[in-house]
Amino acid sequence: MTKKAKTFRPKARVPRGFRDRLGAEIIAEREMLARISAVYESYGFDPLETPAFEYTDALGKFLPDVDRPNQGVFSLQDDDEQWMSLRYDLTAPLARYVAENYDALAKPFRRYAVGPVWRNEKPGPGRYRQFTQCDADTVGTPAPHADAEMCMLFAEVIEAAGVPAGDFVIRVSNRKIIDGLFEKIGLAGEGDAATRLNVMRSMDKFDRLGEAGVRALLGPGRKDESGDFTKGVGLADSNIESVVAFLTSAVLKDKAKGPTLTGANEETLNKIASVLNETPSGRSGVDELMAINRQILDKYKGAIAIDLSIIRGLEYYTGPVFEADLTFEALDEKGRPVRFGSVGGGGRYDGLVERFKGIEVPAVGISVGVSRLLAALELKRGAATAVAGPVVILALENDQMADYQAMAAELRAAGVRAEVYLGGSNFAKQLKYADKRGAPLAIIQGEDERAKGEVKVKDLVLGAELSKKIDDNAQWREAQPAQTSVKRANLVEEVKRALARK
RNA sequence: GCCGCCUUAGCUCAGUUGGUUAGAGCGCUAGAUUGUGGAUCUAGAGGUCCCCGGUUCGAGACCGGGAGGCGGUACCA
C-alpha cells in the first residue's frame, strides 16, 4: 500500500470574531449608511476619510509604564519599529486630523466619517472584532448649542436608519452632574479617583443588572450566575442610597403626564437641581441640560429623554453624554426575547485635541453602531429582504452565445440586472441555477424559439407558486407554467412589463 | 482576563460498559421522467470523530494540555 504524500491543507476558516458577508447584508448596510450620511450632509457635515492605521501614540493607547500598546487594539511595529494600531473608533483619528491641520480648518469644524473600526477583544453574540461606525462631530464649539443640535441630529439619524419614532429614545445625561454627585457624597477628592471610576462602572451596569445588582456592586460585591464574584466598591449605605436615588431619578415619559418628554425632562432636572444645586459641578451640569432641553425642536421632543443612569466613556467625556437605545422587543431565532440596548453613543469631549496641541478645543459628537442597528432591525423585520436576483438568460446552444450576450446587454442598457448562464450544464440545471439565484425571470431561446424568431420569458416566481398544486411530473412539464413566447425584438419591452408586475 | 458548558459529514444530530468497514435526516452531485425549477425514484460523493500528547492489546468514547464555539462575568475608547 502506497500512501499518498501528505500535502499541507490549511483549514479554510474565518478568523475568530470576524465574519464574511454576502449580498443582501452588504446592500442593506450600504443603504443604511447612505441614508445616515445624507442626513449628516444635510446638516452641513463634510465627509472625512482617515486611514485604518494610526500611530499608537496618536491613539493614546500605550499602556502606562510599558513600551507596548494596550491589548484591546490590534497593533504592529512598522519597519522603523514605530508602533501602529488599527483604529478602534473614528474620534481619535479625528482628533489627530484636527490637531495636524488645525490652522487650515474653518472652526467650528464639522465632519462625518464612515468606516470599519477594530477592537481586539472577546467576541460575543452580535459583537465582532471589526464593525462599522458612522460618526458626526463638531469641533470647536462650546456647549450647549452644538450639544442640542447633536441630540436632534442623533434622533433624526436613527430614524433615517429605519427605526420608527417611538421605537427608540436618545437618553441624555451630563458628566458634570455625576461630578456633582461625587461632591455631594464626599468622593470628590484627588485620592478618590479610583473609587469614582468604580462607582461609575457600577452605575453603568444599572441597565443590565438592575437596582439590586448595582447596590451589591456599590456595597460588598456581587456573585453572578456562573458563581464568579465581583468585588464591590464598599460604599457606606447612605452613599449607596444617594447613588441609587440618582440613577432612578429620571421622570419617564408617562401617558398620564402628557405627550412629550420635555415636561418630564424639566421635572427630572428640577428634582436633581434640588439635590445637587449646592455643588458647583452639579449646578453647571443641570444648567447645561436645561439649556439643551430648551433648544430641542418640537418634532424631536418625543425622542430625547434626560436620564442620569447612562454613563459611557468613563475617562473621556467632559460634559453632556448621549446614548441611543432601541425600545422595541424582538425574538431571536430560538424565540427568546432580545434586548438590543445601545446602538450608538456620543457626548462632549473637550480634552481630546488638547493632547496634541496643548490648547483646549471643545468638541462634541455622536457615533452610530451600524452593525448592531442592522442586526436589530433584521430581527424585528424578520430576515433581511433577499436581494432580487438578475434575470438569467439560459445558454442552450453553444454557437448562440453572442446573441445571448446581446440580450443581456440590451436588458442592462434598459436598467435591468441580467446575466447569461455560463456554467455549461443542461436545461434543467440552468433553471435550477436561476431558481437558486433568486432570478425573477428566465429567458429561454433554444433551437425551436430561434427558428421562429422568438424567446420565452419564464416567470420563475409565479411558476414556483403554480408548481405547488401539481404533484405529477409529466403534468408539470406539460403545463410549462408561467411562461410566454414573445418576439425576439420585443424582449426588453416584455421583460420590463413582466418585472413591473412584481 | 476569569467561571461553566460544548466540539462526530455542508447543516441538525445518533453512536451501548472502550471492540473490527462510524451512522441517520436534510442538503449536495449525477441520472430517470423526449427541451423546463417543484414532487417522486435510482445511484454517488463527502469524515484527521477539533488538535497534540497519555492510558490501553485496542480510544470517537477515558486522562492531561491546547484551540475554537456558546453562556455568564470583568474590561471597553
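Within every chain, numbering begins at 1; the chains are lettered A, B, ... in the order of the sequence lines, protein sequences first and strands thereafter.
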>> By the 4.0 Å heavy-atom rule, please label A:Leu59 as base, sugar-phosphate, or nothing.
In response: nothing
> For A:Arg372 and B:rC76, what is the distance between atoms CZ and P respectively, to the nearest whole Å?
Replying inline: 16 Å
> Is the NZ or CZ atom of A:Arg119 both under 6.0 Å from the centre of the six-membered ring of A:Tyr88 and within 45° of that ring's axis?
Replying inline: no
>> I'd like the C1' distance from B:rU12 over to B:rG4, given in whole Å.
In response: 24 Å
> Are side-chain N/O atoms of A:Thr248 and A:Glu211 paired as donor and acceptor at under 3.5 Å?
Replying inline: no
> Using a cut-off of 4.0 Å on non-hydrogen atoms, how would the nucleic acid contact of A:Lys436 be classed: base, sugar-phosphate, or nothing?
Replying inline: sugar-phosphate
>> Taking B:rC3 as the reference, what is the distance to B:rG66 when you measure between their P atoms (whole Å, please)?
In response: 11 Å
>> Can you measure A:Tyr421 atom OH to B:rG37 atom P for me and round it to whole angstrom units?
In response: 14 Å
>> Can you tell me whether the side chain of A:Glu465 and the base of B:rG38 have a donor-acceptor pair closer than 3.5 Å?
In response: no
> Less than 4.5 Å apart, any side-chain heavy atom of A:Ser371 and any of A:Gln130?
Replying inline: no
> When you compare B:rG54 with B:rG18, how far apart are their C1' atoms, in angstrom units rounded to a whole number?
Replying inline: 15 Å
> So what does A:Tyr88 touch, heavy atoms closer than 4.0 Å: a base, only the sugar-phosphate, or nothing?
Replying inline: base
>> With a 4.5 Å cut-off on side-chain heavy atoms, are A:Trp118 and A:Val73 touching?
In response: no
>> I'd like the P distance from B:rA24 over to B:rG44, given in whole Å.
In response: 12 Å
>> For B:rG23, give the paired nucleotide (Watson-Crick: N1-N3 plus N6-O4 or O6-N4; G-U: N1-O2 and O6-N3; both under 3.5 Å), or none.
In response: B:rC13
>> For B:rG53, give the paired nucleotide (Watson-Crick: N1-N3 plus N6-O4 or O6-N4; G-U: N1-O2 and O6-N3; both under 3.5 Å), or none.
In response: B:rC63
>> Can you measure A:Arg477 atom CZ to B:rA39 atom P for me and round it to whole angstrom units?
In response: 13 Å
> How is A:Gln430 classified with respect to the nucleic acid when contacts are heavy atoms under 4.0 Å: base, sugar-phosphate, or nothing?
Replying inline: nothing
> With both distances under 3.5 Å as the test, what is the Watson-Crick or G-U wobble partner of B:rC76?
Replying inline: none
>> Rounded to whole Å, how long is the line connecting atom OH of A:Tyr433 with atom C1' of B:rU36?
In response: 17 Å
> Using a cut-off of 4.0 Å on non-hydrogen atoms, how would the nucleic acid contact of A:Glu449 be classed: base, sugar-phosphate, or nothing?
Replying inline: base
>> Centroid distance below 5.5 Å plus an interplanar angle below 30 degrees: do A:Trp476 and B:rU36 meet both conditions?
In response: no
> Checking all strands, does A:Arg201 fall into the base, sugar-phosphate, or nothing category for heavy-atom contacts under 4.0 angstrom?
Replying inline: sugar-phosphate
> Which base, if any, makes a Watson-Crick or G-U wobble pair with B:rG68, both distances under 3.5 Å?
Replying inline: B:rC6
> Heavy atoms under 4.0 Å, any strand shown: does A:Asn198 hit a base, just sugar-phosphate, or nothing?
Replying inline: nothing
>> Taking the cut-offs as 6.0 angstrom to the six-membered ring centre and 45 degrees off its axis, would you call A:Lys107 and A:Tyr102 a cation-pi pair?
In response: yes
>> What contact category does A:Leu396 fall into here, base, sugar-phosphate, or nothing, at under 4.0 angstrom with non-hydrogen atoms?
In response: nothing
>> Whole angstroms only, please: what is the CD1-C1' distance between A:Ile311 and B:rA77?
In response: 16 Å
> Can you check the A:Leu466 CG to B:rG38 C1' distance for me, whole Å?
Replying inline: 11 Å
> What interatomic distance, in whole Å, is found between P of B:rC62 and the corresponding atom of B:rC6?
Replying inline: 11 Å
> Has the side chain of A:Lys432 got a donor or acceptor atom sitting under 3.5 Å from an opposite partner on the base of B:rU36?
Replying inline: no
> Tell me, do A:Met150 and A:Asp147 make a side-chain contact under 4.5 Å, heavy atoms counted?
Replying inline: no
> For RNA chain B, whose closest nucleotide is more 5', that of A:Ser425 or that of A:Gly17?
Replying inline: A:Ser425
> With no hydrogens and no angle check, do the side chains of A:Tyr40 and A:Asp46 hold a donor and an acceptor under 3.5 Å apart?
Replying inline: no
> Rounding to the closest angstrom, what is the interatomic distance between B:rU20 and B:rG37 at atom C1'?
Replying inline: 45 Å
>> Can you check the distance between B:rU42 and B:rU56, where both ends of the measurement are the C1' atom (answer in whole Å)?
In response: 45 Å
> Is there a Watson-Crick or G-U wobble partner for B:rA32 with both distances under 3.5 Å, and which nucleotide is it?
Replying inline: B:rU40
> When the distance from NZ of A:Lys429 to P of B:rG35 is rounded to whole Å, what number comes out?
Replying inline: 12 Å
>> What's A:Ala474 touching, base or sugar-phosphate or nothing? Going by heavy atoms closer than 4.0 Å.
In response: nothing
>> Both A:Val461 and A:Trp118 contact RNA chain B. Which one's nearest nucleotide lies toward the 5' end?
In response: A:Val461
> Separation of A:Leu352 atom CG from B:rA77 atom C1', in whole Å?
Replying inline: 9 Å
> With a 4.0 Å cut-off on heavy atoms, is A:Asn473 in touch with a base, just the backbone sugar-phosphate, or nothing at all?
Replying inline: base
> For the rings on A:Phe18 and A:Tyr128, is their centre-to-centre separation under 6.0 Å?
Replying inline: no
>> Please classify the nucleic acid contact of A:Lys231 as base, sugar-phosphate, or nothing, using heavy-atom distances under 4.0 Å.
In response: nothing
> In whole Å, what separates the P atom of B:rG10 from that of B:rC49?
Replying inline: 12 Å
>> Counting only side-chain nitrogens and oxygens, does A:Lys205 get under 4.0 Å of the OP1 or OP2 atom of B:rC75?
In response: yes
> Does A:Arg312 make a side-chain N or O approach to OP1 or OP2 of B:rA77 shorter than 4.0 Å?
Replying inline: no
> Is B:rA45 paired to anything, Watson-Crick or G-U wobble with both distances less than 3.5 Å, and if yes, which nucleotide?
Replying inline: none
